[in-house]
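Below is one structure; the comments refer to it alone.
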Amino acid sequence: MLKGKFDKSKLPSRHVTEGPARAPHRSYYYAMGMTEEEIHQPLVGVATCWNEAAPCNIALNRQAQSVKMGVKAASGTPREFTTITVTDGIAMGHEGMRSSLASREAIADTVELTMRGHCYDAIVGLAGCDKSLPGMMMAMIRLNVPSVFLYGGSILPGRAPVGAKVPVEYANRDLTVQDMFEAVGHQQNGTMTEAELDVLERVACPSAGACGGQFTANTMACVSEAIGLALPNSAGAPAPYESRDQYAEASGAAVMQLIEKNIRARDICTREAFENAARVVACTGGSTNAGLHLPAMAHEAGIDFYLDDVCEIFRDTPYFVDLKPGGQYVAKDMYEAGGTYVVMKELRKAGLINEDCMTATGYSIGEELDKISLEADGRVIYPIETPITKTGGVVGLKGNVAPEGAIVKVAGMEAQHQIFTGPARVFECEQDAFEAVQNRTYEEGDVFVIRNEGPSGGPGMREMLATTAALSGQGMGKKVALITDGRFSGATRGFCIGHVGPEAAHGGPIALLKDGDVITINAIEGTINVDLTDEELAERKANWSGPRENIYASGALWKYAQLVGETYKGAVTHPGAKAERHEYWDL
Ligand SMILES: CC(C)(O)[C@@H](O)C(=O)O
Ligand SMILES: [Mg+2]
């Protein structure tokens with residue numbers, strides 16, 4: 001039955017809308033007010049992470065309505081659905097954070113199951129927070145259907161009221177949630193009163209949208225454009241801007257074109273596209289979490305693109321976009337300076353972009369870049385010939401502490417602060433470290449070692465902004481170093497090394513460290529070593545008492561701990577799985 005311009009006999013939704021045996025299925029669609037024409041058009045899942053958990057997600061529902069208009073105008077039938085989120089800003093600093101990375105998998109899985117269960121032909125996915133962006137993109141790549149991603153937009157920057165009593169470094173400048181986490185450190189060491197904290201907490205986050213610096217959500221939003229799943233410039237406008245709705249409508253129209261041309265997520269997300277994405281992370285001083293999310297997304301496409309591969313790209317990418325936390329500006333400034341495509345234009349000048357990669361517009365990255373007339377403004381986006389530093393804002397490390405690798409953000413750090421030697425101060429979990437920070441029971445020069453926080457051993461690989469920001473707020477960001485098998489927020493600054501692998505729960509060397517061991521981290525050379533011989537480490541391993549027992553004896557986090565794979569491969573919950581190319585489409 002061919003009604004309209006799309007041949008349903010070739011689309012997955014034929015299983016739910018065509019032929020006499022599907023009369024019961026159609027009766028459900030009529031129950032929801034759909035017309036005969038709508039039932040026989042392609043069915044497009046419009047997936048959002050809308051909820052009231054956080055400002056990140058609150059504007060997604062509005063934008064989804066515009067996506068639906070775009071789909072309808074192009075002879076498609078949108079079907080909206082939602083999935084969960086866990087918002088790090090609220091999960092931070094307590095047990096709740098263990099649910100964060102696991103939520104990425106839940107988002108990918110629930111979107112996959114909804115799409116499969118109802119045989120939707122294509123997807124437009126909207127997300128606005130750290131894990132929901134990669135989770136949504138993972139589902140698109142896993143299903144390999146025509147897919148368009150749309151970021152929900154960044155939050156607007158906050159500002160202390162004129163004349164309000166706040167510490168001078170908090171007055172007359174843009175504020176983000178990073179400032180609130182660091183304010184906690186100020187309050188702990190007496191450089192901020194509780195009354196000042198109260199003034200700031202009411203103004204730091206003034207609108208809907210995801211955290212405002214080049215933190216994890218904005219980093220992954222840049223990735224969505226650089227990898228080609230999002231329309232050019234669609235990530236830039238802040239969440240409250242109504243101009244976002246035009247991009248939403250265009251995203252709806254674009255997915256219909258992708259159906260027509262049979263362009264699917266894995267035609268876009270090739271190895272070369274992942275390389276483009278990693279370049280953008282490095283040159284913007286993006287979140288270290290990209291070192292997890294890019295391998296996890298690549299895994300969905302059956303591409304081995306591990307932490308090492310990401311770090312290899314970081315190594316020869318100049319850092320030239322001045323964004324917080326390493327630099328000065330917020331996502332709104334980046335948008336006003338032209339956004340991700342202007343950044344990629346600079347990268348192209350140095351031959352650092354794979355131009356042939358396909359995008360959700362149906363045109364290649366190179367063709368899309370040709371349409372961009374704006375040049376680097378020299379303020380937020382520097383010309384690539386005169387970068388802030390010659391190598392990436394994020395670097396990989398390896399050594400006898402981290403044979404499987406580790407990652408650190410060095411954006412904004414002077415070279416002399418990128419080499420650190422000091423005695424280990426070992427903590428068995430993040431809370432213990434936070435307490436030491438709160439009570440100032442640590443010494444300048446210490447190397448904090450926070451272990452048992454890996455994906456499996458945590459479980460959940462907690463992000464540790466509460467601890468790292470408190471250190472920065474105490475003015476100790478450059479005076480101590482911190483290493484962990486857990487991870488960091490995109491807003492973390494200071495010499496903080498995460499993703500140390502193998503994790504303690506798998507018997508990695510981090511499990512064997514003792515107070516006083518001398519650790520040297522050299523981010524210029526990319527090394528992280530403890531002053532112990534192979535024999536000494538082997539002896540400690542032989543006497544090791546084994547992994548700490550999972551504190552969750554049942555439920556989602558127990559299940560997660562059983563399934564999750566290595567950090568350097570993206571900490572996915574189906575580590576050995578093979579990505580079959582046409583599985584969903586051809587069933
Ligand atoms: C709360 C933050 C700043 O959003 C953090 O979760 C991040 O990773 O960027
Ligand atoms: Mg985060």
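Counting starts at 1 for both ligands and their atoms, following the listed order.
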Self-check item: K569 side-chain N/O to P575 backbone N/O, donor-acceptor pair under 3.5 Å
Solution: no
Practice problem: May I ask you to identify, for E463, whether its side chain, its backbone, both or neither come under 4.0 Å of ligand 1 on a heavy-atom basis? | Solution: side chain
Quiz item: Which is it for C211 and ligand 1 at heavy atoms under 4.0 Å: side chain, backbone, both or neither?
Solution: side chain
Practice problem: Would you mind running through ligand 1 and noting each atom that sits below 4.0 Å from a heavy atom of G89? | Solution: 1 (C)
Quiz prompt | Atoms of ligand 1 close to D88 [distance to a heavy atom under 4.0 angstrom, numbered from 1] | solution = 6 (O)
Quiz prompt | Residue pairs passing the salt bridge (charged side-chain N to carboxylate O under 4.0 Å, His left out) test where at least one lies in residues 131-142, sequence neighbours excluded | solution = D88-K131, D109-R142, E112-R142, R142-E300
Quiz item: Got a sec: does the CG of N439 have more than 12 other heavy atoms crowding it under 6.0 Å?
Solution: yes
Quiz item: Protein N, O or S atoms less than 2.8 Å from the Mg ion (ligand 2), ignoring waters?
Solution: D88 OD2, D130 OD2, E463 OE1, E463 OE2
Self-check item: Side-chain donor-acceptor pair present, Y306, D304, cut-off under 3.5 Å
Solution: yes
Quiz prompt | Nearest non-hydrogen protein atom, atom 7 (C) of ligand 1 | solution = D130 OD2, 3.0 Å
Quiz item: Counting heavy atoms only, which of N289, T216, T288 is nearest atom 8 (O) of ligand 1?
Solution: T216
Practice problem: Establish, yes or no, whether a centroid distance under 6.0 Å links the rings of Y170 and H186. | Solution: yes
Quiz item: Nearest to atom 3 (C) of ligand 1, what protein heavy atom do you find, and at what distance?
Solution: S489 OG, 3.4 Å
Quiz prompt | Test item: side-chain donor near acceptor, S287 and T216, under 3.5 Å | solution = yes
Quiz item: Do Y552 and E95 meet the criterion of a side-chain donor-acceptor pair at a distance under 3.5 Å?
Solution: yes
Quiz item: Counting only heavy atoms not in E414, do more than 12 fall under 6.0 Å of its CD?
Solution: yes
Quiz item: Between the side chains of E435 and Q431, does any donor sit under 3.5 Å from an acceptor?
Solution: no
